[in-house]
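Written below as structure tokens is the structure these notes are about.
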Amino acid sequence: MLAKSSKNFEGLIEYIASLKVDAWSIDVSNYTSENLDFLVEQYNEIRSLIIPENTSHLVLVTKIMLGVFGSVPAYDRFFKTTFSDIFKGECGFTRFNHRSLSCIGQFYQQNQSIIDQISESRATIDFYTGNRTDKTYTKAKVVDMYGFTKALQST
């Protein structure tokens, strides 16, 4: 994938550019059934645009969704380790679906005050100037950071 021309991402960029502004407003605090449907559709569309058939896609697609939209955590091995342990037997986080997203939403609800506090206190950095912006981390990004850090500390 990385050895290919950036032309390979043209369809993905066109797809992202075509989305309504609502696509950027989904966060774990509003994981409604309708928003979960949209996230699963979005995941499948991104996967179909950049991942060859029969190729692993979970980590890359969720990292794209986190980086572009901030709507979901990246389902990397550290996140999956932490959240599989939290939701023993209920969610394995090996698939991007309603079930795993609902578990993430449940985790947010149980830890809402601290996640909101961290989210509101962490500002993004402007790429060009290096200065803090008025845009704060999404709650999904905070959940992602928790999952990653907790598993990393256990290694």
Side-chain angles (χ1 to χ4, degrees), residues 1-2 4 8-9 11-13 15-16 19-125 132-133 135-155:
M1 176 84 137
L2 296 176
K4 294 183 179 181
N8 289 307
F9 299 107
L12 174 62
I13 293 165
Y15 168 72
I16 291 168
L19 293 172
K20 294 179 180 170
V21 72
D22 294 347
W24 279 265
S25 65
I26 299 173
D27 202 347
V28 295
S29 57
N30 61 355
Y31 272 11
T32 64
S33 182
E34 180 180 273
N35 284 343
L36 296 185
D37 287 342
F38 175 78
L39 289 172
V40 171
E41 289 171 20
Q42 186 181 59
Y43 176 92
N44 289 329
E45 184 65 25
I46 291 170
R47 182 187 70 203
S48 73
L49 289 167
I50 62 165
I51 306 292
E53 279 292 316
N54 301 318
T55 304
S56 180
H57 47 79
L58 184 64
V59 176
L60 179 58
V61 176
T62 55
K63 282 189 181 281
I64 290 169
M65 292 174 73
L66 174 62
V68 173
F69 304 101
S71 56
V72 298
Y75 285 38
D76 59 30
R77 71 182 176 106
F78 293 109
F79 176 83
K80 290 191 304 188
T81 296
T82 297
F83 278 78
S84 293
D85 188 48
I86 292 169
F87 290 97
K88 290 179 178 74
E90 191 176 339
C91 294
F93 300 93
T94 58
R95 287 188 170 68
F96 189 86
N97 55 25
H98 272 256
R99 184 181 190 107
S100 66
L101 291 168
S102 293
C103 286
I104 293 166
Q106 180 182 339
F107 177 83
Y108 168 74
Q109 294 299 323
Q110 293 169 345
N111 299 281
Q112 180 177 353
S113 61
I114 188 69
I115 292 170
D116 288 354
Q117 178 186 14
I118 294 168
S119 171
E120 293 163 10
S121 69
R122 300 285 195 283
T124 61
I125 305 297
R132 289 174 56 105
T133 69
K135 184 165 179 55
T136 58
Y137 280 19
T138 63
K139 294 160 183 59
K141 175 60 180 167
V142 174
V143 172
D144 176 78
M145 290 169 28
Y146 172 78
F148 181 87
T149 304
K150 184 158 177 54
L152 187 62
Q153 291 172 343
S154 299
T155 59

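Residue numbers count from 1 along this sequence.
- Proximity of the aromatic rings of His57 and Phe96 is defined here by a centroid distance below 6.0 angstrom, and this criterion is not met.
- The side-chain contact (heavy atoms from CB on, under 4.5 Å) test applied to Ser119 returns Thr136, Lys139, Val142, not counting sequence neighbours.
- Ile64 CD1 to Ile16 CD1: the interatomic distance, rounded to the nearest 0.5 Å, is 7.0 Å.
- Within the model, atoms CG of Asn35 and OG of Ser25 stand 7.0 Å from one another, a figure rounded to the nearest 0.5 Å.
- Screening residues 22-77 for disulfide bond (SG atoms under 2.5 Å apart) gives no qualifying pairs among residues at least two apart or on separate chains.
- Contact record, Phe79 with Ala74: CB-O, 3.3 Å, taken as the closest heavy-atom pair.
- With sequence neighbours left out, Thr124 forms a side-chain contact (heavy atoms from CB on, under 4.5 Å) with Thr133, Lys135, Tyr137.
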Using atom types as modelled, flag every donor-acceptor pair under 3.5 Å from a side chain in residues 81-89 to any protein atom, sequence neighbours excluded.
from  : atom 1 : to     : atom 2 : distance (Å)
Thr81 : OG1    : Arg77  : O      : 2.8
Thr82 : OG1    : Phe78  : O      : 3.3
Thr82 : OG1    : Gly147 : O      : 2.6
Thr82 : OG1    : Ala151 : N      : 3.2
Ser84 : OG     : Lys80  : O      : 2.7
Ser84 : OG     : Gly92  : O      : 2.9
Asp85 : OD1    : Lys88  : NZ     : 2.8
Lys88 : NZ     : Asp85  : O      : 3.1

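- Taking 4.5 Å as the limit, some side-chain heavy atom of Ile104 sits within range of a side-chain heavy atom of Phe93.
- When the side-chain contact (heavy atoms from CB on, under 4.5 Å) test is applied to Glu120, the partners found at least two apart in sequence or on another chain are Asp116.
- Here the closest heavy-atom approach between residue Pro73 and residue Ala140 is recorded as CG-O, 4.0 Å.
- Annotation: the span from Phe107 atom CZ to Gln112 atom CD amounts to 12.5 Å, rounded to 0.5 Å.
- Here the closest non-hydrogen pair linking Phe69 and Ala23 is CD2-O, 3.8 Å.
- Put simply, the side chain of Val68 does not reach to within 4.5 Å of the side chain of Ile46, judged on heavy atoms.
- Here salt bridge (charged side-chain N to carboxylate O under 4.0 Å, His left out) pairs that include residues 144-155, with residues two or more places apart or in two chains, are Lys141-Asp144.
- Leu101 is listed as a side-chain neighbour of Val72, based on a closest heavy-atom distance under 4.5 Å.
- For residues 92-110, the set of pairs meeting the salt bridge (charged side-chain N to carboxylate O under 4.0 Å, His left out) definition, not counting sequence neighbours, is empty.
- The CG atom of Leu49 sits 11.5 Å away from atom CG of Asn8, with the distance rounded to the nearest 0.5 Å.
- Sequence neighbours left out, not one pair with a member in residues 26-44 passes salt bridge (charged side-chain N to carboxylate O under 4.0 Å, His left out).
- Two residues are said to be in side-chain contact when any heavy atoms from C-beta on lie closer than 4.5 Å; Thr62 and Leu66 fail this criterion.
- Counting only residues at least two apart or on different chains, the salt bridge (charged side-chain N to carboxylate O under 4.0 Å, His left out) pairs with a member in residues 57-72 are Lys63-Asp76.
- Side-chain contact between Gln42 and Leu19 is present, with heavy atoms from C-beta onward closer than 4.5 Å.
- The side-chain contact (heavy atoms from CB on, under 4.5 Å) check on Ile114 picks up Asn111, Gln117, Ile118, with sequence neighbours excluded.
- Scored by the side chain to side chain donor-acceptor pair (under 3.5 Å) test, Ser100 finds Tyr75, Asn97 as partners (sequence neighbours excluded).
- No side-chain heavy atom of Ile115 sits less than 4.5 Å from a side-chain heavy atom of Tyr146.
- In this structure, Tyr108 has its ring center no closer than 6.0 Å to that of Tyr31.
- Here CG of Leu58 is found 10.0 Å from CZ of Arg47. Values are rounded to the nearest 0.5 Å.
- Legend: disulfide bond (SG atoms under 2.5 Å apart) pairs involving residues 41-96, not counting sequence neighbours, sorted by first then second residue: Cys91-Cys103.
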